[in-house]
Every structure is written in C-alpha cells, then in structure tokens.
Asker: 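One structure coming up, written as structure tokens, with questions to follow.
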Amino acid sequence: DAGVTQSPTHLIKTRGQQVTLRCSPKSGHDTVSWYQQALGQGPQFIFQYYEEEERQRGNFPDRFSGHQFPNYSSELNVNALLLGDSALYLCASSPGTGAPYEQYFGPGTRLTVT
Amino acid sequence: KQEVTQIPAALSVPEGENLVLNCSFTDSAIYNLQWFRQDPGKGLTSLLLIQSSQREQTSGRLNASLDKSSGRSTLYIAASQPGDSATYLCAVTMDSNYQLIWGAGTKLIIKP
C-alpha cells in the first residue's frame with residue numbers, strides 16, 4: 001500500500017502565477033482533505049472533498065479551489081499567488097462516510113512564492 | 001470557535017527521561033483527538049487517536065490521555081530517545097464537522 005502520495009515535492013512560483021498540487025489517497029479511502037501549514041504553525045484546514053464534491057471549506061479565499069476525480073484523487077489549485085501562500089500543503093485521506101475518521105497524511109508539497 | 005493550545009512550544013530533555021506534552025482545547029464537544037508527529041520539512045505521522053468516549057490510548061512507549069470535561073489531553077513519552085526528537089501536534093475533530101483543528105505544536109529535542 002503506497003499510502004497518501006503528493007506531487008510535486010517542491011515548487012517555486014512567482015507572485016500572480018497559478019499552481020496545481022496533486023494528491024492520491026490511500027487505497028480504500030474516498031475522502032480527501034487539504035491543509036496549509038505555514039512555518040512554525042499548525043496546519044489550517046482548506047477544504048475536504050467527498051464523492052467529487054466539496055463537502056466542507058475552511059476560511060480560505062476563493063483563489064483556493066479544488067477538484068476530486070472519480071478515482072478519488074484530488075487537486076488543489078491556487079490562483080493569483082501571494083507571498084503569503086508560501087507554505088507546506090498537506091493532503092490527508094480518510095475512509096467512509098458520515099462521522100470523521102482518522103486521517104492519513106501525505107508528505108506534503110513545499111510551495112515557495114517569490 | 002474551537003481553539004487548541006499546546007504548551008510548552010519547545011522542550012529539551014536528556015535521553016532516558018520520561019516526559020509529558022500538553023494539549024488543551026476550549027470546546028469540549030469534540031468527536032476525537034489525535035496526536036501527530038512531524039519531522040522537519042515532512043508530513044505528519046499519526047501516533048494515537050482517542051475517541052471522545054475513551055480516556056486513554058497506548059502505543060509502545062506512548063500514552064495519550066483525554067479529559068473532555070477539562071478540555072485537556074496529555075501525551076506521555078516513556079524513556080525518551082534521540083529518535084523521538086520532532087514536533088508533536090495535537091488536533092481535534094468536532095461533532096458533525098470534518099476538519100481537524102490543530103495546535104501549533106511542541107518542538108521536542110532529546111539530547112544524547
């Protein structure tokens with residue numbers, strides 16, 4: 001079992017550009033959540049996808065959008081990048097429906113905006 | 001609004017000591033609480049998950065306790081080793097809510 005995988009590992013972008021980050025969930029998991037972790041802080045919830053729909057969203061602007069594919073993999077898109085978007089972006093997957101379950105995390109994508 | 005706090009922010013102890021990390025939360029209506037470990041620049045590894053109906057969970061040298069009424073959890077690490085050096089984060093999930101709400105973490109250094 002490969003666990004949760006994310007790509008790319010590192011990314012450098014310029015202010016104003018757009019970026020797409022990718023996540024493949026753990027086998028058997030159908031729910032994907034995205035988190036942003038700034039240096040020295042705990043992660044912040046961006047949104048969660050289930051059955052190809054955004055099920056819940058945190059306090060992030062519309063520049064942050066996502067998508068979930070029929071195979072449960074997911075993308076995080078960020079438009080009009082700001083310097084403050086520099087962070088580690090973490091993807092987590094979990095199984096099942098209804099009540100929240102234990103989430104399994106990928107290694108993250110380190111985004112640097114210059 | 002749920003807030004999660006971890007104290008201390010950093011801790012340095014000699015190898016072999018037993019230690020306790022603290023996590024507090026302001027809203028006791030949690031569904032579960034998880035402790036994670038994060039190595040520098042890396043993702044998160046789940047250590048222990050405690051359901052709201054449970055009082056504690058154990059895995060090897062780790063023991064996590066939960067007191068919902070007081071809004072506190074502790075992570076006890078026995079016989080610490082240099083390989084335990086990492087940042088430890090706690091996170092809660094609320095009833096009928098899917099996001100994890102995180103503390104800022106405790107950076108632990110175990111000195112050989």
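Residue numbering restarts at 1 for every chain, and letters A, B, ... go by the order of the sequence lines.
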Asker: Taking the six-membered ring for Trp, are the ring centroids of A:H29 and A:Y72 within less than 6.0 Å of each other?
Answerer: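 Between A:H29 and A:Y72, the centre distance exceeds or equals 6.0 Å.
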Asker: Apart from A:Y49 itself, what residues make up its hydrophobic cluster when side-chain heavy atoms of I, L, V, M, F, W and Y under 4.5 Å apart count as a link, directly or indirectly?
Answerer: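 Hydrophobic cluster check, A:Y49: joined to A:L11, A:V19, A:L21, A:V32, A:W34, A:I46, A:F47, A:F60, A:F64, A:L76, A:V78, A:L81, A:L83, A:Y89, A:L111, A:V113.
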Asker: With sequence neighbours left out, write down each residue that passes salt bridge (charged side-chain N to carboxylate O under 4.0 Å, His left out) with A:R110, or none if nothing qualifies.
Answerer: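 Result, salt bridge (charged side-chain N to carboxylate O under 4.0 Å, His left out) vs A:R110: none returned.
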Asker: Tell me, please, which residues at least two apart from B:S28 pass side-chain contact (heavy atoms from CB on, under 4.5 Å).
Answerer: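 Per chain and number, B:S28 pairs via side-chain contact (heavy atoms from CB on, under 4.5 Å) with no residue.
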Asker: Is any side-chain N of the basic residue among A:D85 and A:K13 closer than 4.0 Å to the acidic one's carboxylate O?
Answerer: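 No, no charged N to carboxylate O under 4.0 Å.
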Asker: Ignoring hydrogens and angles, tell me if any N or O in the side chain of A:T109 forms a donor-acceptor pair with the backbone of A:P8 under 3.5 Å.
Answerer: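 A pair under 3.5 Å: yes.
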Asker: Side chain from CB out, backbone as N, CA, C, O: work out which of these in A:Y35 comes under 4.5 Å of a heavy atom of chain B, or both, or neither.
Answerer: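 Only the side chain of A:Y35 comes within 4.5 Å of chain B.
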Asker: Does any backbone or side-chain atom of A:Q6 lie under 4.5 Å from a heavy atom of chain B? Answer side chain, backbone, both or neither.
Answerer: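 Neither; nothing under 4.5 Å.
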Asker: How about B:W102 and B:Y88: are their ring centroids closer than 6.0 Å?
Answerer: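 Here the rings of B:Y88 and B:W102 have centres that are no less than 6.0 Å from each other.
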Asker: Any residues in residues 71-81 of chain B near chain A, with a heavy-atom distance under 4.5 Å, and which are they?
Answerer: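 Interface residues of residues 71-81 of chain B: none, nothing closer than 4.5 Å to chain A.
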Asker: Tell me, for B:Q38 versus chain A, whether the close heavy atoms (under 4.5 Å) come from the side chain, the backbone, both or neither.
Answerer: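 The answer is the side chain of B:Q38.
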Asker: Only pairs of heavy atoms separated by less than 4.5 Å count here; which of B:T45, B:I101, B:L100 has the most with chain A?
Answerer: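 Between B:T45, B:I101, B:L100, the count favours B:L100.
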Asker: Kindly check if the number of other-residue, nucleotide or ligand heavy atoms within 6.0 Å of CD1 (A:I12) is above 12?
Answerer: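 No - once you tally the heavy atoms of other residues, nucleotides and ligands closer than 6.0 Å, there are 12 at most.
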Asker: Select one option (side chain, backbone, both, neither) describing which atoms of A:Q41 are under 4.5 Å from chain B's heavy atoms.
Answerer: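 Only the backbone of A:Q41 comes within 4.5 Å of chain B.
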